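Notes follow the structure.
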Amino acid sequence: MKILVIGAGGREHALCWRLHANGHEVFALPGSAGIATVATCIQGDIGDQPAVERAARELGVELVVIGPEVPLVAGLADSLRAAGHAVFGPSAAAAQLEGSKAFSKRFFERHGIPTARFFECTTMAAADQAIASLGGRVVVKADGLAAGKGVVVCSTAQQAQSAAREMLEEGRFASAGAKIIVEQRLEGREVSMMALCDGKRYELLAAAEDHKAIFDGDRGPNTGGMGTVSPVEWVSDELVERARREVFDRTLRGLQADGLDFRGVLYAGLMVDAEGTPWLLEYNVRFGDPETQPVMLRIADDLGVWLLACAQGHMPDAQLRWDPRTAVCVVLASAGYPESARKGDAITGLEQFAEPSELVIFHAGSKRSGNAFVTDGGRVLAVTGLGEGLTKAREKVYAAVDRIQFSGMQFRRDIGLRGETHV
Ligand code: AMP
Ligand code: GLY
């Protein structure tokens, strides 16, 4: 099948890699130098909907898979569907589950999904009141999309007030921060659960655990994600069952009740408390990055068939099959990340991994310079490998990490080492 993937990051590289390995002819718009090893890259601006539609038509693709949230929230899936394409990605209306925290929190509340108590605020007076009534330990969130930076986890009322003020009065995040959510801060351990969804049914993907802080031991500022592991040892069958019943089943019923067309990935960020209750922190309406990287190494089915079936609204009446081995993904980030990202540092060592299968280097922020690759973004590479169990998978991945170099390279040594107990 001819498939067009929209996007250019590590997640899209992983999707293209899996689809290519499944024998499909893959195109990527715009793609990247890394993606070009498994797909044909098409130049273009993913914000230009007519141009994307034209590319899909001229290539004669049978399926379009949309990677990032920004084009989804802007309605790219709607305009491609209106032109007759099969699209894996939700409508703009359904993408509000990620595009507006206020929309999504109201959705969770309306449909009985466990979520932290919250207030919507547009003024500092309202925010002060919300912070006081929740006792100061709160999380302040910009309502709109903020490139993963719009959430401030606070320990004191003062911290919360200054985060709220920056968003509401000082224009941090511009219009995305004109409304904020102030919510109760939950304690527990986080896990990412993604589900393929055809609008009526869903199929859960293997759970993955992200490591968001930049430094070992979960210290330092949050990033887009410094590494992931799948499966997650502490996630029991019972927890998965509760997430199905209390989060995903209710979500699917809610989407249908609200008339929202969701054909894409529902990615739940869950906080599991000491009693094993999965609290829904947020939904993303796309594959996670870097959760997708280990998950793509473990899928033992034809991903293209599943994505097309979701796009057409009738998922196979079967279960996805999984490689039982453990996949670990370690992100190599550039100097300055997450505050900034130094570009143009030469990357060495990549040529050693010419025939990847159990060890794949996904490119996120790199570009070609002559015959070599150089850094070109915050998260540069996602080194991802499979092994029998966590220890072997980690050994394989870190042995590869140790052979790659660029000036200022940052990565965590402790991906997968949080232990097996859940809180
Ligand atoms: P979100 O974009 O809503 O997932 O938030 C980003 C990160 O902020 C999450 O992965 C959590 O680490 C943290 N977070 C969000 N909401 C809460 C909450 N209510 N309690 C504790 N931590 C949270
Ligand atoms: N790994 C976090 C995200 O994709 O938003």
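Along the sequence shown, the residues carry numbers beginning at 1. Read the numbers this way: they start at 1 and go in the same order the structure lists the ligands and their atoms. Because the structure is predicted, anything quoted here is derived from the model rather than measured.
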**Prompt:** If you measure from each heavy atom of Gly225 to ligand 2, is any distance below 4.0 Å?
**Reply:** no
- [ ] Using the six-membered ring of Phe88, assess whether NZ or CZ of Arg263 lies under 6.0 Å from its centre and within 45 degrees of the ring axis.
- [x]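 Judged by the rule (NZ or CZ under 6.0 Å from the ring centre, within 45° of its axis), Arg263 is not positioned above Phe88.
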Give the atoms of ligand 2, by number and element, whose distance to some non-hydrogen atom of [X] is under 4.0 Å.
X      : result
Gly224 : 1 (N), 2 (C)
Gly288 : 4 (O)
Asp210 : 1 (N), 2 (C)

* Asked: With a 6.0 Å cut-off on ring centres, are Tyr283 and Phe108 close enough?
  -> yes
Here the pair of heavy atoms bringing Ala243 nearest to Met193 is CB-SD, 3.8 Å
Of all heavy-atom pairs linking Pro290 and Asp210, the shortest is CD-OD1, 3.7 Å
Under 4.0 Å between heavy atoms, the region of Arg286 that gets near ligand 2 turns out to be side chain
Checklist line | Asn284 contact mode with ligand 2 (heavy-atom cut-off under 4.0 Å) | finding: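 The part of Asn284 near ligand 2 is the side chain, not the backbone.
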Check: Can you say whether the rings of Tyr398 and Phe411 are parallel (under 30°), tilted (30 to 60°) or perpendicular (over 60°)?
Finding: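 Taking Phe411 first and then Tyr398, their aromatic rings sit tilted (interplane angle of 30° to 60°).
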- prompt: So His13 and Phe362, would you call those rings parallel, tilted or perpendicular, with 30° and 60° as cut-offs?
  reply: perpendicular
Residue shell for ligand 1, any heavy atom closer than 4.0 Å, reads Lys101, Ala116, Val139, Lys141, Val151, Val153, Glu183, Gln184, Arg185, Leu186, Glu190, Lys212, Met271, Leu281, Glu282
Closest to atom 2 (C) of ligand 2 among protein heavy atoms sits Tyr267 OH, 3.2 Å
Heteroatom distance test (Glu291, ligand 2): nitrogen or oxygen, under 3.5 angstrom:
yes
Could you tell me whether [X] atom [atom1] has more than 12 heavy atoms of other residues or ligands within 6.0 Å of it?
X      : atom1 : value
Gln256 : CD    : yes
Glu169 : CD    : yes
Asp402 : CG    : yes

Checklist entry - Glu120 and salt bridge (charged side-chain N to carboxylate O under 4.0 Å, His left out): which partner among Arg106, Lys105, Lys141, Lys101? => result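 Running salt bridge (charged side-chain N to carboxylate O under 4.0 Å, His left out) over Arg106, Lys105, Lys141, Lys101 with Glu120 returns exactly one hit, Arg106.
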